[in-house]
Structure formats: structure tokens, C-alpha cells
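Down below is the structure, laid out as C-alpha cells.
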Amino acid sequence: MQHTDIQLDPAAIAALRALQVPGRPSLVVRVCDLFETSTAALVGELAQGLSSNDLALVTRAAHTLKSSSANVGATDLANHAKAIEHCGRGGDLAGCHAAAAGLQALLEATLAAIAALRRAESA
Amino acid sequence: MNTLAASGAECPVVLVVDDDMAARLMTRIALEEGGFEVLEAEDGVPALEIFRTHKIDVVLLDVMMIELDGFAVCSSIRGMPHGEHTPIMMMTGLDDTASINTAYDAGATDFVTKPINYGVLTHRVRYMLRAARVADELRRSETRLAKAQAMAKLGHFHWNVDSGLFECSSEVERLTGARNATIIDELSPLVSRVHPDDRGEIETRLGNAIAANEAVQISCRVTLPQGGTAHIHLEAACAVEPDTGTRVLEGVVQDVTERRRLEGLAHKLAYFDTVTGLPNRTTLRKDLGQAIARAIGTEAVVAVFSLDLDNFKRINDTLGRDSGDRLLKTVAERLTTCLRRRDSAYGVRADVRAGDFVARTGGDEFYVVLTEFRSAEESAVVARRMLEAIAQPVNLGGEDLVLSATTGISVYPVDGTTPDLLIDRADAAKNHAKVEGRGRYQFYTSAINARAFERLSMENNLRKALQQEQFELYYQPKIDIRSGRFAGAEALVRWRHPDLGLVSPANFIPIAEETGLIVPLGEWIIRAACRDIAQWRSQGLSDVRVAVNISAMQFASAELPLQLSAALAEWKLPVEVMEVELTESLLMTDTEQSISMLAELRALGIDVWIDDFGTGYSSLAYLRRFPIAGVKVDQTFVREMDTNTNDAAIVAAVIALARSLNLEVVAEGVESRLHLAALAAQQCDYAQGYLYSPPLPAAAFARWVNEHRGPVAKVI
């Protein structure tokens with residue numbers, strides 16, 4: 001799957017901009033930073049959970065990834081995480097493995113979109 | 001965005017619990033913009049710690065956390081102090097309905113779905129906070145109301161008469177036994193505990209209020225299931241509810257038992273004597289007024305008895321107030337019993353007449369009001385009965401005490417037609433009876449009225465006499481029978497009124513005793529005697545010894561020895577010039593006190609004589625214990641001793657008795673040589689009387705003493 005042209009949800013970005021307090025550091029930039037930091041950890045946890053068949057770890061990491069992706073309008077990634085979480089809640093480890101396919105590529109594309117957003121925001 | 005901070009109040013504090021740092025950041029920014037202060041926790045455990053240590057107004061709580069999930073945090077907060085009513089908003093995924101239900105079950109106030117719409121988040125939080133404050137205020141107000149109602153023992157009820165829905169507070173249930181239920185067409189749940197005597201009337205009045213859509217106020221007694229009676233006050237109003245068109249009886253029920261008790265107590269204090277429980281003066285006048293009102297236009301007469309205990313004050317002073325009070329209670333019971341026995345005394349009816357009562361107006365003053373007499377004479381029977389009842393011995397602390405009482409009677413309508421007049425006239429009759437001799441009853445007569453006026457003016461004149469020194473001392477010599485020589489004198493007080501001339505002591509001494517003027521008069525006598533003695537001594541008359549009479553009130557006062565020594569010192573006189581004379585009845589009224597006073601006088605060096613000996617009831621046993629110099633035989637016996645063998649025998653016996661006790665004897669009223677011869681034969685020591693001299697003014701007395709330096713009159 002190619003995700004070179006990932007689009008972040010403009011409504012989510014608009015919501016962040018709406019929260020921006022004038023004179024304070026850019027909220028969009030800070031959220032982008034937080035997303036990058038937390039996502040690296042979450043993806044690590046998710047990978048560890050899948051490799052060790054730890055369903056609880058998989059489900060929780062997927063749930064958190066879903067929320068943090070939604071914060072930045074990364075709708076595709078959020079949906080993907082949601083699918084994994086769903087399988088996890090259903091006790092379907094195999095489903096989790098299946099749903100996790102392609103996650104890495106989607107993640108990279110999303111991070112690229114986030115980086116682009118930050119560049120645009122910082123400019 | 002609007003800010004809450006504009007209100008000037010402290011910023012509400014929101015605790016945001018979420019393990020997604022970005023979500024916390026955005027939530028914080030949104031809330032801070034909205035005027036909230038934000039505290040953050042990334043997991044359940046630190047969240048609970050922050051809640052415990054900070055004042056948190058709202059909690060925003062993510063469901064999914066690593067250590068302790070949102071549901072557990074929520075229910076933990078609910079169990080914490082101040083956590084019961086704090087608004088908690090759970091943040092859940094929109095797709096997660098199961099979570100939403102679990103959140104409510106865990107005690108969440110509200111929920112918000114992720115992704116969170118930050119634009120409305122602050123409004124949701126603010127709304128939640130306002131609702132919590134309103135609920136909080138309502139709870140406080142309900143608590144206050146409940147407390148106030150509990151304190152006032154007030155309960156309320158609400159009864160939709162048409163639908164039958166009845167709701168009431170616990171106090172109403174406690175008092176009436178009514179409880180939340182459906183009640184149709186009956187009042188019995190409300191009145192089932194009402195005292196049977198009141199129930200019918202109350203059902204009627206409540207029924208009328210409902211029928212006429214009116215208010216009603218009811219006071220009644222209720223019997224409580226645990227026993228005892230409560231007084232309740234019920235206020236209710238029936239009105240048609242505008243929304244439903246149904247009739248609602250709404251009201252309050254208050255437990256006024258304690259108030260009733262206090263009112264009863266206040267009433268009792270205001271209208272009844274606390275010692276005996278009898279009506280006091282206020283009630284006497286009111287009830288007597290009612291008795292008169294009932295008697296108007298009938299043949300019936302109303303009798304008012306004014307009754308005093310003789311010598312009560314002395315009993316109270318010597319035995320103490322507790323004993324005095326017990327005595328008063330006994331008298332009250334005896335008088336009340338006399339009322340009850342009144343009818344059976346005549347063999348007519350054995351019931352108590354409603355208008356009859358006994359009252360106590362203070363001290364030993366009692367009043368008895370008897371109604372429905374047909375003649376005044378009937379009341380004499382009751383008067384005798386009352387005096388007899390009081391004369392029965394009273395046992396006080398193991399000692400039998402015999403009381404007597406004096407009563408005056410006035411009768412409606414002949415003696416007066418108002419309570420005050422009847423009371424005054426019964427008093428006047430009583431005072432008259434006292435003068436005539438205690439332990440009697442006396443009907444009011446117009447002569448008593450005239451006498452009462454006379455006494456009143458006498459009293460005023462006496463006061464003036466004391467201020468203006470209208471009194472004089474006369475002296476009557478005493479002769480030593482064996483030597484025939486002058487041996488001393490008795491000082492006798494005389495009143496020289498500017499208009500009336502010389503007033504007899506028999507006329508003013510009893511009034512002086514009654515009014516207490518005897519005390520200053522007695523003091524004056526002591527000082528005046530000292531003054532005269534000093535005057536005589538300056539003229540060379542150094543051997544005159546004077547006996548002054550001491551009244552009961554003076555003798556009872558601890559100051560007597562001091563008065564005597566002060567007067568002697570003032571005129572620089574030796575103590576031997578002064579003697580005192582006391583009546584035997586005075587000594588016998590309180591023998592122990594008498595003995596100690598006599599000992600004090602003896603210690604001073606003052607001789608004491610018992611005056612009017614033979615007229616009282618001296619007990620020999622006491623006579624032996626009294627440290628006295630001698631006795632004076634009353635002149636009534638001496639005067640008649642040559643014509644009346646009984647009197648002669650008394651004189652002989654008194655002299656013999658005195659000699660056997662080593663006491664000296666003075667015979668008073670010695671008027672003839674025959675008297676003197678008889679007294680000498682019986683070895684009487686001294687004689688006093690007209691045979692030698694009448695009482696003389698100080699100057700004349702001095703001349704008499706000078707002229708009788710030798711033997712005055714010897715037995716032939």
C-alpha cells in the first residue's frame with residue numbers, strides 16, 4: 001500500500017488552530033512533536049505485543065494510537081489502529097496480526113504529513 | 001471564549017486524567033481559555049492522589065489507562081470525602097456504548113466522546129459545574145430545612161385529596177402515624193392517634209376546611225405508640241392546584257409538647273404559689289371575682305377567710321426555711337381538706353363545690369373562699385373546723401409543734417361586692433381578732449372598720465412619736481420587804497401625745513409590737529433609762545438600779561447585749577445599774593435561744609427577771625436552766641390575794657417555788673399593808689405597788705428616793 005499523499009483531516013487541524021492562544025508557542029507544532037514522540041513508543045509496544053501474543057498490550061497500544069492519531073487528524077492511521085483495537089477487544093489475535101499489516105507504511109506516510117504540517121506551521 | 005474568571009470568584013479546578021499527553025495538552029489549553037484551572041494526571045493512581053490532596057471541582061476522566069482505568073477511578077472518587085457529588089465527566093470513544101453504560105454505573109456525571117470537540121468542551125464542563133452547584137445548594141438547603149424542622153419539631157404533609165396521594169415528612173409520621181400512601185376519602189390516617197376526646201371535633205374541622213377550601217388551625221393531644229402524650233399544633237390549608245384542578249390539603253404539624261410544658265410552668269409561676277401549689281394573690285382576686293359573679297342575683301353568699309398562723313415568723317426564723325415551708329404545705333393540705341369535708345360536715349353533699357378554694361398570698365397568709373353558702377353563720381362552722389385542723393400537732397424533724405391560727409371573715413354581699421374590698425375586710429377582721437387574742441375567728445363588722453382606721457392612725461402617730469420623742473419614762477420603786485428600804489425601780493414607758501395627752505401603754509404597745517416599732521421604741525427606752533440614771537447620779541443619787549422591760553422582738557435580736565452595753569458606756573454607767581425584765585411566755589417560745597441570750601446577759605453582768613410570772617406556762621425544767629435573778633409575781637394575783645383564796649395560793653406557790661430554785665421574788669401590785677403582811681409572812685423578797693408609790697416621772701422619782709432614805713413602810 002502506498003500512502004505518499006496522506007491527507008490530515010483539516011477539521012482536526014482547524015480545531016487545534018482554534019485552541020491556539022496568541023503569543024504562545026504554536027499548538028499545532030507542539031501536538032505534532034507529541035505525536036511523533038508518543039507514536040514511536042506506541043508502535044514499539046504494538047510490535048512487542050504482536051510478537052509476544054500479548055493481546056492486552058496490543059489492544060491498549062492500538063487504542064491510544066487511535067486517540068493520538070485522531071488528535072492530529074490522522075484519520076487513516078486512527079481507523080487502522082481502531083481496527084486492531086477492535087480485534088484485540090474481541091480476543092482475535094490473528095485479526096490483530098492481519099489488521100496490523102501495512103501499518104508501518106501508513107505510519108511513515110503519516111509522520112511525513114505531520115513533518116510537512118510542522119514545516120508549514122513553523123514557516 | 002467566555003471566561004468564568006470574570007465573575008471574580010476563584011477559578012474552578014478541573015482535574016484532567018488521560019494517558020495521552022497530546023489530549024491532556026489540548027484539553028488543558030481549552031479549559032484554561034475557558035477560565036478553569038487545570039491539574040493533570042496521566043493515570044488513575046496519581047489522579048486519586050491529586051483528588052485527595054487538592055480541592056477539585058470537576059474531573060475529566062479518560063477510560064482507558066494503563067494502571068487503573070477510568071471506571072475504577074470514578075468509583076474510587078465517589079467513595080472519597082468530598083467525592084460523592086463532584087461532577088465527573090468520562091471521556092470515551094463514540095463507538096463504545098458499553099463503556100458509556102459502565103461509566104454511568106461507576107457514578108459518572110456525564111460523558112463526552114472522543115475525538116473531543118474542544119469548542120464545546122468548556123461549555124459542557126461549565127454546565128456540569130453549574131448543575132452540581134445547584135444540586136449542592138439544594139442539598140444544603142434541604143439539609144438546613146430538615147435541621148430547622150427537626151429543631152422546631154416541625155413536619156409537613158401534602159395531600160392531594162382528589163388523587164389520594166399523601167406525602168409527609170418523618171416528623172409527621174412520628175407524631176400522627178400517617179405515612180406516604182394513597183389516602184382517599186378518609187381522615188383517619190391523620191387523626192388516628194388524636195386523643196379520643198378531641199378526635200371528633202378535629203375530624204369535623206379538617207373536613208370543613210377541605211370542603212370549603214379553607215385554612216384550619218388545630219391544637220390537640222396525640223397518644224404516641226411508645227407511650228406518652230404529645231401536644232401537637234396542626235396548621236393546614238386546602239386549595240385547588242391550578243395545574244391539575246385537584247384539591248390539595250397542605251400543612252405543617254408541630255410537636256409543641258415542650259412549649260406547652262413551659263407555658264404551663266410559666267402559668268403556674270404567675271398564678272400559683274410555688275411552695276404550696278395554691279393559687280396566689282392574682283388568682284385569688286380573679287377566682288373570687290368569678291365566685292362573686294356567679295353569686296350575683298342568687299340567694300347565695302360568698303365567704304372570704306383571711307388566715308394567719310400565729311408566731312409563724314418565729315418558727316421560720318428558728319427552725320429554718322425548709323421546716324417553715326413544710327409547715328406551710330401541711331397547713332395548705334389541712335385547709336384544703338377542710339373544704340372537702342365541708343359538705344359532709346353538714347351531712348348535705350360530699351362533693352367539693354367548684355368555686356371553693358384555698359390561696360396563699362405570701363408568708364403565712366392564707367385565704368379561703370367558700371361559695372354557695374346560704375347564711376354567714378354556716379361559715380363559722382367551717383372557721384372553727386379550720387382552726388381545729390391547724391391546731392393538730394405537726395411533726396417537724398421528730399418534734400411535735402402545735403400551731404394556732406387567727407382568721408377574719410368577710411361575707412359577700414353584706415361586707416362588700418368586690419374582691420379587693422372583701423379581702424381587705426377579711427384582713428381587718430383578722431387583725432382585730434389578733435388583738436383580741438390569737439387562735440380565734442372574727443367576722444367583719446363596721447366597728448372593725450372604724451377600729452382599723454383608728455389603728456392605722458395610731459401607727460402613724462407612733463412613728464411620729466418616735467421621731468419627735470413624745471415618749472417618757474416613769475419609774476416605780478421596789479422595796480426590800482425585810483428592811484423596808486428602797487431597792488430599785490422599774491422603768492415604765494408612757495406616751496404623751498400632744499393632743500391626746502397621756503396614752504395608755506395597753507393601747508399602743510400591741511400596735512408597736514405588730515408594726516415592729518417596738519424595736520426602736522425598746523432601744524429608746526434603754527438609752528433614756530441610762531440618761532435618767534446618769535442625771536440622778538450627777539445629783540448624788542448613786543444607788544438607783546433600774547429594770548427595763550424587753551420585748552420579744554428585742555430579745556430575739558442578737559444585738560440586745562450590744563445595745564445595753566453601748567447605752568451604759570455612752571453615759572459612763574457601771575453595769576449594775578441596769579436590770580431587764582422579760583415575760584415568761586417570751587422565754588418559753590424558744591427555750592434554747594432564750595438560754596443562750598440569758599447567758600450572754602449574765603456574762604455582761606445584767607440581772608434578768610421574769611415578769612408577769614404565773615400567767616404563762618413555764619416549764620419547771622426550763623426555769624431551772626434559765627440563768628435568772630428572780631421572778632416577778634403578776635399584780636393580778638397579788639391584788640386579789642386577800643379576797644381570792646386561789647390567787648393567794650398561787651402567790652404562795654410561786655414564792656415557794658422561787659425559793660426552792662434560789663430565785664428572788666418581787667410582788668407587783670402591792671396596794672395594802674394586808675398584802676405586804678401576807679407577802680412578808682411567805683418570805684417574799686421585794687414589793688412594788690401603789691402602797692409605796694405609783695410610777696413617777698424621773699424628777700419626781702428622784703425626789704421620792706431622797707425623801708425615803710430610811711425604811712419606807714415596815715410590816716406592822
Side-chain angles (χ1 to χ4, degrees), chain A residues 8-9 11-42 45 49 54 56-75 77-79 81-83 85-86 88-90 114 118, chain B residues 1-3 5 16-36 38 40 42-44 60-72 90-100 102 111-125:
Chain A
L8 297 175
D9 179 7
I13 306 302
L16 284 178
R17 291 217 166 93
L19 281 171
Q20 177 67 47
V21 181
R24 301 285 300 274
S26 164
L27 180 61
V28 172
V29 172
R30 286 169 67 202
V31 171
C32 289
D33 289 348
L34 283 171
F35 177 76
E36 282 169 354
T37 317
S38 64
T39 305
L42 285 172
E45 281 176 24
D54 183 344
L57 183 59
V58 170
T59 309
R60 200 175 60 226
H63 169 84
T64 310
L65 184 61
K66 176 188 77 179
S67 301
S68 59
S69 309
N71 288 339
V72 290
T75 315
L77 186 55
N79 286 338
K82 184 173 161 183
E85 184 195 355
H86 187 74
R89 283 188 195 281
I114 292 291
R118 184 172 45 215
Chain B
M1 270 190 192
N2 295 330
T3 62
V16 177
V17 189
D18 197 328
D19 58 356
D20 177 353
M21 212 189 287
R24 288 207 304 275
L25 175 66
M26 289 182 284
T27 308
R28 166 189 283 276
I29 290 168
L31 290 174
E32 281 178 350
E33 268 304 283
F36 296 97
V38 177
E40 292 178 31
E42 58 176 356
D43 206 301
L60 291 190
L61 192 53
D62 185 31
V63 170
M64 186 69 91
M65 286 176 299
I66 297 165
E67 280 186 70
L68 193 63
D69 71 21
F71 308 127
M90 300 283 282
M91 301 180 286
T92 64
L94 184 60
D95 55 340
D96 197 357
T97 48
S99 287
I100 294 169
T102 315
F111 70 95
V112 59
T113 52
K114 289 188 169 185
I116 289 165
N117 182 338
Y118 293 102
V120 298
L121 180 66
T122 51
H123 295 290
R124 294 273 301 263
V125 170

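Computed from a predicted structure; not experimentally measured. Chain letters run A, B, ... following the sequence lines, proteins first and then strands; every chain starts at 1.
Heavy-atom minimum distance, A:V31 versus B:A22: CG1-CB, 4.4 Å.
With contacts defined as side-chain heavy-atom distances shorter than 4.5 Å, the pair B:E33/A:L19 does not qualify. Side-chain contact check for B:I29 versus A:R30: some heavy-atom pair is nearer than 4.5 Å.
With a 4.5 angstrom heavy-atom cutoff, B:N117 does not touch chain A via any of its atoms. With a 4.5 angstrom heavy-atom cutoff, A:L16 touches chain B only via side-chain atoms. Interface remark: A:S38 contributes no atoms to any contact with chain B (heavy atom separation under 4.5 Å).
Interatomic distance, CG of A:D33 versus CE of B:M21, reported as 11.5 Å (0.5 Å rounding). In this structure, the separation between CG on B:D20 and NE2 on A:H63 is 8.5 Å, given to the nearest 0.5 Å.
In B:E42, the CD atom is not crowded: 12 or fewer heavy atoms of neighbouring residues, nucleotides or ligands sit closer than 6.0 Å.
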